[in-house]
Amino acid sequence: MDLPDEDPEATEAARVLIARFGKSFQPGEVIYREGEPGTEAYLLEEGRVRLIKKVRGAERSLMVLKPGDLFGESALLPGAERSSTAVALSAGLALAIDQATLQNLLEHNAGIASRMVKQLVRRLRDAEDQIELIMLTDVQSKIVSALLKLAQQTREHGGNNAVFSVSPMELATRVGLDVDTVKRSVQKLREGQYIRVADERLEVPDIEGLRKLYGLLGQKDEVSSEA
């Protein structure tokens with residue numbers, strides 16, 4: 001958790017939260033398993049965590065979480081079971097929050113309460129995005145749609161460009177495709193100069209141009225389905 005030097009009170013409050021509710025984990029550690037009773041939600045402060053779900057006997061990645069993300073929130077409902085498995089991808093730290101703790105934080109820690117509400121709203125938005133992606137049949141359309149969502153979330157001061165970090169695995173998880181397929185699709189976008197890639201940082205220099213491509217892909221898909 002970031003400890004702001006300029007605000008001693010906030011720094012001390014952050015230390016207290018970590019001391020009381022902090023849970024550390026190591027790479028490869030299973031934080032919880034699908035089907036287990038859920039007693040705590042987690043607010044990720046450091047590291048990365050992958051959510052995995054069994055689908056017809058095979059494990060599928062749902063998403064890769066970064067600091068600031070909330071996960072395991074179904075545990076805040078009485079009698080809930082874990083709907084996925086959470087595995088640490090790196091060493092990290094999360095705030096473990098049960099129902100009683102949540103109530104206490106909502107009443108006495110406006111900062112944490114605000115972060116959790118924002119995360120729940122974002123999770124609902126992500127679910128709507130996933131529904132949209134499921135309805136798309138064209139591979140390239142799925143990739144472009146996911147990149148547009150990320151670009152719109154991180155565009156600079158309402159401008160027409162965006163820079164963000166996303167690994168091939170994370171992008172593959174978002175669109176429900178294998179990593180090799182995603183890499184081939186991203187390479188085509190690079191060749192068309194719709195995106196630029198350096199390590200795991202991706203730049204969309206012209207969001208409107210990428211949006212027009214998405215529209216063209218949609219028209220192509222409609223023509224193919226009518227043929």
Side-chain angles (χ1 to χ4, degrees), residues 1-2 10 13-55 59-134 146 149-150 152-154 164-167 169-176:
M1 175 182 283
D2 293 333
R15 288 195 178 113
V16 170
L17 285 172
I18 291 174
R20 291 185 62 188
F21 309 119
K23 175 182 174 64
S24 60
F25 45 82
Q26 299 301 316
E29 181 177 341
V30 176
I31 300 171
Y32 57 75
R33 295 186 183 278
E34 182 177 354
E36 292 178 345
T39 58
E40 297 173 320
Y42 297 90
L43 190 58
L44 190 60
E45 299 295 333
E46 301 172 8
R48 296 199 305 169
V49 172
R50 182 192 298 178
L51 297 185
I52 301 170
K53 186 173 182 64
K54 282 190 176 181
V55 180
E59 290 189 343
R60 296 287 301 272
S61 290
L62 296 179
M63 63 181 64
V64 176
L65 304 165
K66 298 179 180 179
D69 287 340
L70 176 72
F71 62 104
E73 64 273 17
S74 61
L76 299 176
L77 299 174
E81 292 185 350
R82 298 295 188 188
S83 58
S84 61
T85 297
V87 180
L89 293 177
S90 67
L93 174 73
L95 297 181
I97 303 169
D98 59 18
Q99 294 178 42
T101 300
L102 174 63
Q103 185 62 40
N104 182 273
L105 290 174
L106 291 175
E107 293 176 357
H108 302 103
N109 194 308
I112 292 292
S114 176
R115 287 174 61 191
M116 294 188 67
V117 169
K118 288 178 180 177
Q119 283 297 310
L120 290 172
V121 171
R122 199 190 83 172
R123 189 62 63 85
L124 288 173
R125 183 191 63 203
D126 288 346
E128 291 175 348
D129 291 346
Q130 286 299 114
I131 293 172
E132 180 180 337
L133 287 171
I134 289 171
K149 299 292 185 184
L150 290 167
Q152 290 162 0
Q153 293 169 20
T154 57
F164 48 89
S165 296
V166 61
S167 69
M169 182 182 69
E170 289 171 306
L171 190 54
T173 298
R174 280 180 173 268
V175 299

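If you read the sequence from its start, that first residue is 1, and numbering goes on from there. As the structure is a prediction and not an experimental result, all values here were calculated from the model. We use all heavy atoms of the structure for the numbers below, so side chains are in, but hydrogens, waters and symmetry mates are not.
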Spacing of L62 atom CG and R50 atom CZ [to the nearest 0.5 Å]: 10.5 Å
Atom pair CD/CG of E170 and L65 - distance to nearest 0.5 Å: 9.5 Å
Over all atoms of both residues, closest heavy-atom pair of V166 and L171: CG2-N, 3.9 Å
Donor-acceptor contact present, side-chain E29 to main-chain Q26, <3.5 Å: yes
With E34, the side-chain hydrogen bond (donor to acceptor under 3.5 Å, both in side chains) member among K54, R82, K53: K53
Value rounded to 0.5 Å, distance of NZ in K23 from CG in L44: 12.5 Å
L89/M169 under side chain to side chain contact (heavy atoms under 4.5 Å, CB included): CA gap, chis, key distance, verdict: CA-CA 12 Å; L89 293 177; M169 182 182 69; 3.9 Å; yes
CZ on R33 to OG on S84, rounded to 0.5 Å: 12.5 Å
CD-CD1 distance between E45 and I18, expressed to the nearest 0.5 angstrom: 6.5 Å
Exercise: identify the closest heavy-atom pair between L70 and A41: CD1-CB, 4.4 Å
Spacing of CZ belonging to F21 relative to CD belonging to E40, to within rounding of 0.5 Å: 10.0 Å
Trace of the side chain to side chain contact (heavy atoms under 4.5 Å, CB included) decision for L51 with F71: CA-CA 9 Å; L51 297 185; F71 62 104; 4.2 Å; yes
Exercise: identify the closest heavy-atom pair between F25 and V49: CZ-CG2, 3.8 Å
Closest non-hydrogen atom pair, A80 against S74: CB-O, 3.0 Å
Closest non-hydrogen atom pair between P67 and G47, with its separation: CD-O, 3.3 Å
Shortest non-hydrogen separation from L76 to I97 and the atoms involved: CD2-O, 3.6 Å
